[in-house]
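Each chain gets a letter, A, B and so on, in the order its sequence line appears, and its residues count up from 1.
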Number of protein chains: 2
Amino acid sequence: MSENHRTSTAHEPVSPVTIRDVARAAGVHLSTVSRALDPRRRAAVSAEVLEAVEQAARRLGYRPNRAASALRTGRTYTIGVLVPDITNPVFPPILQGIEACAASRGWFVMLANVSGSAMAQPIVERMLAQQVDGIVLATASREDPLVDFIVGAGLHAVMVNRADESGRLPSVVSDDRLAMKLAVDHVVQTGCQRIAHLAGPQSLPTGMGRLQGFEQALRDRKLESAGVVVCEAYSREAGRVAMARLLAQSAVPPEAVVCSNDLVALGAYDALHAAGLSVPGDVAVTGHNDMPLVDMVHPSLTTIRLPHRELGWRAAQLLFDALDERQMSAATVVLRPELVVRNSTRPLPAHAD
Amino acid sequence: MSENHRTSTAHEPVSPVTIRDVARAAGVHLSTVSRALDPRRRAAVSAEVLEAVEQAARRLGYRPNRAASALRTGRTYTIGVLVPDITNPVFPPILQGIEACAASRGWFVMLANVSGSAMAQPIVERMLAQQVDGIVLATASREDPLVDFIVGAGLHAVMVNRADESGRLPSVVSDDRLAMKLAVDHVVQTGCQRIAHLAGPQSLPTGMGRLQGFEQALRDRKLESAGVVVCEAYSREAGRVAMARLLAQSAVPPEAVVCSNDLVALGAYDALHAAGLSVPGDVAVTGHNDMPLVDMVHPSLTTIRLPHRELGWRAAQLLFDALDERQMSAATVVLRPELVVRNSTRPLPAHAD
DNA sequence: TTGAAAGCGCTAACAA
DNA sequence: TTGTTAGCGCTTTCAA
């Protein structure tokens with residue numbers, strides 16, 4: 001049994017090497033080690049001491065204990081991320097962007113999947129107990145009480161993809177109004193005049209934003225809406241139900257249906273097929289998000305592509321800005337979506353696949 | 001300015017209320033507060049004191065500082081999760097399962113997206129510095145040096161979806177051999193005899209396992225392989241290239257192609273179409289994973305469904321078992337995949353869609 | 001340029 | 001049943 005043996009149970013397998021051990025090995029005081037290992041204070045250490053410390057640290061396999069450092073400084077180098085449903089394909093690339101930005105600075109991401117808005121505040125409170133330095137919210141509803149809590153707690157936070165309407169927190173979103181204008185203008189150009197909209201849940205910022213964008217786009221074109229139905233959710237089944245309802249509303253189907261979401265659009269396919277209508281022959285359909293494989297469905301879906309990964313990266317950047325400069329400028333960053341034309345809106349299936 | 005005002009910079013917005021404040025408010029010693037607030041030691045506190053403490057804590061909005069507790073106990077109530085690519089649709093449900101299991105116990109998940117196996121060990125080291133209590137790896141290669149490091153460090157870890165071959169760590173995987181047997185038996189039943197396989201990367205446990213499963217399934221049926229091509233990656237493009245190569249290898253195409261992955265299968269579609277062959281008319285195709293929307297592609301893809309969420313949940317459970325009982329029984333849990341029959345293997349397209 | 005010393009907030013012996 | 005006390009590993013004044 002060696003002399004400086006430390007009790008190491010299975011519970012405590014991680015580096016038992018402390019800053020004190022490194023100091024002893026390097027023959028200096030532990031405060032000198034702390035200094036030498038901190039990039040910002042390294043300059044105040046002589047070259048030979050620096051070398052000795054670094055060598056000792058390397059030799060012993062020293063790994064600074066972030067829990068201790070967090071207790072002392074209040075910084076954990078960790079941000080919390082709340083997403084509503086990680087299996088919704090919109091969120092993985094956003095999360096990837098956030099994680100990549102955090103990792104590029106040596107920070108970590110704590111992930112929480114928030115099922116149901118009632119869970120959000122307790123989760124944020126637990127994250128606060130964990131001393132996260134900031135939070136990225138991808139879960140906001142239009143008037144989200146969580147924002148009150150966060151602002152009240154003085155917590156650093158930003159919103160991504162969905163921003164609440166108060167504008168009290170910085171946010172990074174896609175331009176939903178532009179997205180709908182792109183879709184409407186496109187179907188108009190292919191010859192459609194009677195255009196309907198399958199809207200998303202109006203409790204969500206995106207649901208309302210896209211609906212307003214659709215209406216504005218029609219006004220710009222001096223067109224009347226051929227009907228709007230609000231979906232219960234951004235899901236295929238909700239889209240199917242909504243499309244069926246839309247068809248039931250009038251004798252003649254619309255020439256085009258602009259959907260607030262790809263899954264909704266695929267649900268619209270289902271209802272249109274069930275009604276014996278063909279896409280795009282009888283009705284053109286557009287989606288929103290360009291989720292994986294919508295280029296493989298039949299017919300391939302014309303949709304709106306969002307820079308999801310960039311949304312996440314920029315949101316994290318905004319958070320780090322706030323953290324660094326000790327200030328929260330409640331900026332809103334709006335990124336541009338892009339139209340992706342495929343076969344669900346082809347005027348004529350001349351070049352059939 | 002109140003008397004017990006604490007300096008609260010923008011950096012330190014989180015609860016400045018400490019256990020000491022609660023003790024003062026409740027008129028007891030801070031160790032009594034610690035006891036009263038710990039479920040395991042609560043019993044040793046009198047009812048009236050317990051009540052007073054809880055009330056004071058609630059009134060002051062006390063939130064235990066986990067960094068301090070972590071420093072003292074070595075426990076952060078956090079597990080690290082490494083995934084190779086969060087935008088690969090296999091991983092979100094696995095991650096969801098892990099997160100849900102962790103959340104059900106009040107634990108948190110630190111997520112790292114590991115791009116490139118060289119990044120893995122540095123990330124684990126940084127997680128160790130963060131004092132994570134354990135790690136879930138979804139990134140393993142067949143003989144992964146990371147496992148050496150983890151075992152050497154005495155770190156608690158489990159593998160999910162992909163398990164390395166040494167069996168030194170507990171793991172939760174799907175039965176790849178059974179999966180391929182299900183696929184082969186199915187296409188045999190639909191009348192195919194000349195069956196080929198598009199294999200996954202042989203550096204990955206799943207790539208090799210499925211290839212072996214395919215070969216075994218053919219042996220069981222006393223059939224000769226109609227060709228095997230190994231894909232560069234689990235991607236559509238790699239599948240397309242591999243299928244093209246397979247077609248070039250012999251004059252007559254196989255009757256069925258059993259693929260190691262859905263994306264690979266969709267790439268096979270591409271190559272088959274390019275060669276003027278129809279699915280399933282000329283060649284039947286099966287996939288693996290049942291990723292979202294493969295029921296919507298044309299033709300809808302027959303594939304193998306995995307219990308991805310359960311994979312994640314069970315992996316987390318295994319990790320918590322190890323953490324609780326201070327022992328690492330290197331158990332392997334093998335879950336059963338399930339065949340999902342769709343139109344890419346229909347014997348006759350009688351009921352065309 | 002380095003060392004000494006205090007203390008972040010909490011837990012867990014041990015003592016009363 | 002409650003209080004006293006030491007200290008987890010680190011950062012950061014302050015002094016030398």
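Atom pair Leu50(A):CG and dT1(C):P shows a separation of 12 Å (rounding to whole Å applied). Note: CD1 (Ile19(B)) to C1' (dG3(D)) measures 13 Å, nearest angstrom. Counting to the nearest Å, the C1' atom of dC8(D) and the CZ atom of Arg66(A) are 18 Å from each other. We find that CZ of Arg24(A) is positioned 14 Å from P of dG3(C), with the value rounded to whole Å. For Leu30(A) and dT13(D), the CG to P distance is 16 Å, given to the nearest whole Å. Across the protein-nucleic acid pair, Asn65(A) atom CG and dG7(D) atom P stand 18 Å apart, rounded to whole Å. When the C1' atom of dG9(D) is taken as reference, atom CZ of Arg75(B) falls 19 Å away, rounded to whole Å. Straight-line distance from the CZ atom of Arg72(B) to the P atom of dC10(C): 13 Å, rounded to whole Å.
Side-chain proximity of His29(B) to dC8(C), dT11(C), dG3(D): nearest is dG3(D). Here the side chain of Leu71(B) is nearest to one of dC8(D), dG3(D), dC8(C), namely dC8(D).
The distance from the CD1 atom of Ile94(A) to the CD1 atom of Ile86(B) is 12.5 Å, given to the nearest 0.5 Å.
Results of the side chain to side chain contact (heavy atoms under 4.5 Å, CB included) test with Val160(A) over Leu95(A), Val136(A), Val83(A) single out Val136(A) as the only residue that passes.
For DNA chain C, the residues of residues 31-42 of chain A within the heavy-atom distance limit of 4.0 Å (strictly under) are Ser31(A), Thr32(A), Arg35(A), sorted by number.
Panel note: side chain Asp133(B), backbone Tyr77(B); a donor-acceptor pair is recorded below 3.5 Å. In this structure a side-chain-to-backbone donor-acceptor pair under 3.5 Å is present from Arg126(A) to Gly106(B). A donor-acceptor contact shorter than 3.5 Å links the side chain of Glu99(A) to the backbone of Asn113(B).
Between the side chains of Thr73(A) and Arg75(A), no donor-acceptor pair of N or O atoms lies under 3.5 Å.
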